[in-house]
Amino acid sequence: MAGIVVFGGTVEGRHLAEAFQDMPLEVHICVATEYGASLLPDCPNIKIYTGRMDAEQMTAFFREKEARYCLDATHPYAVKVTENIMQACKETALPYIRIQRAEAEKEKAVLFMESIEEAAGYLNNTAGNILITTGSKELEKYAEIHNYQSRCYARVLPSASVLEKCRQLGFAGKNLIGMQGPFCEELNYWMMKQINASFLVTKDSGKEGGYTEKCNAALRAGVRVLAVGRKKGNVSLSALDKVVTLEEAVRFIQKEYHLERKREIYLVGMGPGNRGHLTKEAADCLEKCDVVIGAGRLLELCGDVSAKPSYACYKKEEIADILKEHPEYQKAAVVYSGDIGFYSGAKGIEKYLEGYEVHPVSGISSVIYFLNRLFVPWEQAELVSCHGKQANLVTKIKYHRWVCVLLGSQNAAKEICRLLLTYHMEQLKITIGERLSYPGERILSGTAGQMKDIETDSLSVMLIENRVPLEKSVVSGIEDSSFVRGNVPMTKQEIRILSLAKLSLTESSVVYDIGAGTGSVSVEAALHCKGGQVFAVEKNEEGIGLIQENKIRFGTDNLKIVKGAAPECLKGLPAPTHVFIGGSSGNLIEIIQAIREKNEKVRFVINIVTLETLAQLETVKEIFPEYRNMEVVQVNVAKGKALGRYHLMEASNTVYIIRF
């Protein structure tokens, strides 16, 4: 199959080689130096040619190889080389494709200046340090530059007469570098980094003068080059067959040669942290991939593959951008700690990887490792993460023998232990695993009371053991006598059961209980919504105290008390999914309006005992036409009461339960 010719020696040239390696496509890559050749992949379908060629030699090369396309991936400043390539392509009628650098790279390309005077005039209107490598003969022309004695660093021959002349012109101390060339790319690069250069001024002195090495170093260091003695401008683009990005070039060649295939992305679980716990499948993926992307600490686990391209990145959008910008990476490994299916950053990344072939690679979760170390059957444990989220731990602990928690900070263990003290759970057994699977692994045990001041490694795991967990009731309806009541009105058991049924809560609901009274509805809602939140809104001081007592009594740490009158006190709260209104203080319309501004699809359930409030429902229907078909249930409850040898039925107030 007739192949392609690539002129590289650049990052783009290397990326093209990586994109086409091991494909049924013959690739001839021409580079100027042995160093450039050493960066290219070693594979059967890629032939590498070292050395510079003029237009005549390129013409002969094209005819010999009978290639179908020529890709020019040379540096933007290599104008002469590009001119030769274009001339040879024209002579042989070979389609020419220029790889256009991204905007950020183009900004680092060479500015061509006809004289030192022009270069000095340009630099006088800039900021930043300048490395001057044009010799000492015309050094005085740089004195026009503002603050030249501090901004300009002159690299000159180290002879006594030259150095003395430079001192007389104001170049001295650290701003005068006396060195004899030639200079390699690395020395140029580190010299620019050392002086924090923003600009390099050089003469286009060709190979003998080290021009290429200086320009390569400047490009790497992010330094802009001013080349003196060349015609301004770059090659005219009007004569080019194609000017495309690297990604577009790869896609074009793949399409022309019918090589299109889906790129493969491996989502790799790296285990608890010790490379010895990396699965063989994960190790094989890292070995065969072209690039590794993940958090810095995970890249360190990649061992020998660290020589491959890698990116310290964990944000989904940034990972997708990296893959898009580098089509040469046909197999990419995105690495995550633990297992990708357990509280992992891999969750949801598939929507950013449409068009790729995505492979999940399981790892050993630190939680599974920890529980196995403790001989705790992990299928019986409630698994929780405290990484920046509301965990509602107390409720989980009440109803489970074991709760295993991924901690997210040094203070997380201490905060959990102090939370348990608040709910009178100070005797629960706590076990903490730090730096699991690493040489410095440590496992600590004690009670919550004993560990209330502990600080741990931020990525630790905690096991909380409750030897006498409660059995959770499968229906609503806590006995009224179980609540601390005081003199504040309370929604009674029968009405509470019906009202909660009408709310139709889920485990993740966000609930407002407005006019919460003693908090009986709030408490039961919080027990239902173990993965959600409940906000008990109450303005009465005694009611606030009773809600707090009942919150502690029932262990509902996902219940938040909001002191104040609705709707004013609702402003800072998250949008609710469900709202129960037990008392509105005459502000029913305003409360509904304020809540609808947060979520128009919220479900309301209202308890009404007065005819005046009931009459307000007609106004609600007029203002909000979508509520015209609201459900109204009238409930009359009577309970038996002993009177001597007899029992009488004592009626409670009639209650209207409204749902819309």
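Below, all heavy atoms of this structure are taken into account, side chains as well, without hydrogens, waters or symmetry copies.
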Quiz item: Asp54 side chain to Gln57 main-chain N or O, any donor-acceptor pair under 3.5 Å?
Solution: yes
Quiz prompt | Student check: side-chain heavy atoms of Thr456 and Gln410 closer than 4.5 Å | solution = no
Exercise. Taking ring-ring contact (aromatic ring centres under 6.0 Å, His included) as the test, write out the residues that go with His359, two or more places apart.
Key: Tyr266
Self-check item: Student check: side-chain heavy atoms of Met179 and Met191 closer than 4.5 Å
Solution: yes
Quiz prompt | Ile132 vs Tyr153, side-chain contact (heavy atoms from CB on, under 4.5 Å): CA-CA, chis, key distance, verdict | solution = CA-CA 6 Å; Ile132 298 170; Tyr153 293 75; over 6 Å; no
Quiz item: Can you check whether Val6 reaches Asp72 side chain to side chain, under 4.5 Å on heavy atoms?
Solution: no
Self-check item: Within 6.0 Å of CD in Glu56, more than 12 heavy atoms from elsewhere
Solution: no
Self-check item: Residues forming a salt bridge (charged side-chain N to carboxylate O under 4.0 Å, His left out) with Asp284, sequence neighbours excluded
Solution: Lys280
Quiz item: Below 4.5 Å, heavy atoms only, C-beta onward: do Leu176 and Val156 meet side chain to side chain?
Solution: yes
Exercise. Could you tell me whether a side-chain N or O of Asp339 sits under 3.5 Å from a main-chain N or O of Ser365, the two making a donor and an acceptor?
Key: no
Exercise. Go through the structure and list residues passing ring-ring contact (aromatic ring centres under 6.0 Å, His included) with Phe171, not counting sequence neighbours.
Key: Tyr148
Quiz prompt | Nearest non-hydrogen partners of Val268 and Ala282, listed with the distance | solution = CG1-CB, 3.6 Å
Practice problem: Would you check if the side chain of Asn45 reaches a backbone N or O of Phe20 as a donor-acceptor pair within less than 3.5 Å? | Solution: yes
Quiz item: Which heavy atom of Ala67 sits nearest a heavy atom of Val5, and at what distance?
Solution: CB-CG2, 3.7 Å
Practice problem: For residues 169-189, pull every pair meeting salt bridge (Lys or Arg N to Asp or Glu O under 4.0 Å), keeping only residues two or more places apart or in separate chains. | Solution: Glu185-Arg220, Glu186-Arg220
Quiz item: By salt bridge (charged side-chain N to carboxylate O under 4.0 Å, His left out), which residues pair with Glu117, not counting sequence neighbours?
Solution: Lys141
Quiz item: Mind checking whether Ser198 and Thr126 have side chains closer than 4.5 Å, heavy atoms only?
Solution: no
Self-check item: side-chain hydrogen bond (donor to acceptor under 3.5 Å, both in side chains) assessment of Lys324 paired with Tyr352
Solution: CA-CA 11 Å; Lys324 183 179 180 182; Tyr352 293 89; over 6 Å; no
Self-check item: Contact summary for Cys302 and Val292, nearest pair of heavy atoms
Solution: SG-CG1, 3.8 Å
Quiz item: Would a distance-only check, ignoring hydrogens and angles, find a side-chain to backbone donor-acceptor pair under 3.5 Å from Gln330 to Pro327?
Solution: yes
Quiz item: In this structure, are over 12 heavy atoms from other groups packed under 6.0 Å from Glu354 atom CD?
Solution: no
Exercise. Assess whether ring-ring contact (aromatic ring centres under 6.0 Å, His included) is satisfied between Tyr336 and Tyr314, documenting all intermediate values.
Key: CA-CA 8 Å; Tyr336 298 94; Tyr314 59 89; 9.7 Å; no
Quiz item: For Phe342, what residues pass the ring-ring contact (aromatic ring centres under 6.0 Å, His included) criterion, not counting sequence neighbours?
Solution: none
Exercise. Write down the atom of Arg435, the atom of Gly440, and the distance for their closest heavy-atom approach.
Key: CB-O, 4.1 Å
Quiz item: Can the ring centroids of His28 and Phe7 be said to lie less than 6.0 angstrom from one another?
Solution: no
Quiz prompt | Residues that Arg442 engages under salt bridge (charged side-chain N to carboxylate O under 4.0 Å, His left out), provided they are two or more places apart | solution = Glu434
Practice problem: Could you check Val228 against Val201 for side-chain contact (heavy atoms from CB on, under 4.5 Å), going step by step and ending with a plain yes or no? | Solution: CA-CA 7 Å; Val228 177; Val201 188; 3.9 Å; yes
Self-check item: Heavy-atom side-chain contact between Ile85 and Met58 under 4.5 Å
Solution: yes
Quiz item: So do Val361 and Ile340 actually touch side chain to side chain, heavy atoms under 4.5 Å?
Solution: no
Quiz prompt | side chain to side chain contact (heavy atoms under 4.5 Å, CB included) partners of Glu34, counting only residues at least two apart | solution = Thr50
Quiz item: Between Cys166 and Leu139, what is the shortest heavy-atom contact and its length?
Solution: SG-CD2, 3.6 Å
Practice problem: For Thr74 and Arg98, run side-chain hydrogen bond (donor to acceptor under 3.5 Å, both in side chains): C-alpha distance rounded to whole Å, both residues' side-chain angles, the deciding distance at 0.1 Å, then the answer. | Solution: CA-CA 9 Å; Thr74 57; Arg98 172 66 187 175; 3.0 Å; yes
Practice problem: Please list, chain by chain and in numerical order, all residues satisfying ring-ring contact (aromatic ring centres under 6.0 Å, His included) with Tyr189, sequence neighbours excluded. | Solution: none
Quiz item: Can you pull the salt bridge (Lys or Arg N to Asp or Glu O under 4.0 Å) pairs that have at least one residue in residues 151-166, sequence neighbours excluded?
Solution: Glu164-Arg167
Practice problem: Not counting sequence neighbours, which residues clear side chain to side chain contact (heavy atoms under 4.5 Å, CB included) with Glu256? List them please. | Solution: Arg68, Tyr69, Phe252
Exercise. For Glu455, check salt bridge (charged side-chain N to carboxylate O under 4.0 Å, His left out) against everything at least two apart and list the hits.
Key: Lys414
Self-check item: Residues Leu226, Leu200; criterion side-chain contact (heavy atoms from CB on, under 4.5 Å); working and verdict
Solution: CA-CA 6 Å; Leu226 277 66; Leu200 165 72; over 6 Å; no
Quiz item: Heavy-atom distance under 4.5 Å between the side chains of Met53 and Asn84, does that happen here?
Solution: no
Practice problem: Check Cys289 against Leu286 and note the closest heavy-atom contact, atom names and distance. | Solution: SG-O, 3.2 Å
Quiz item: Could you go step by step and tell me if Phe183 and Glu213 meet the side-chain contact (heavy atoms from CB on, under 4.5 Å) rule?
Solution: CA-CA 8 Å; Phe183 303 100; Glu213 287 77 7; over 6 Å; no
Exercise. Begin with the C-alpha distance, continue with both residues' side-chain angles, and end with the deciding distance and a verdict on side-chain hydrogen bond (donor to acceptor under 3.5 Å, both in side chains) for Thr134 and Tyr142.
Key: CA-CA 11 Å; Thr134 53; Tyr142 294 99; 2.8 Å; yes
Practice problem: Start with the C-alpha distance between Tyr438 and His277, add both sets of side-chain angles, then the distance that settles ring-ring contact (aromatic ring centres under 6.0 Å, His included), and finish with yes or no. | Solution: CA-CA 10 Å; Tyr438 286 95; His277 290 84; 9.6 Å; no
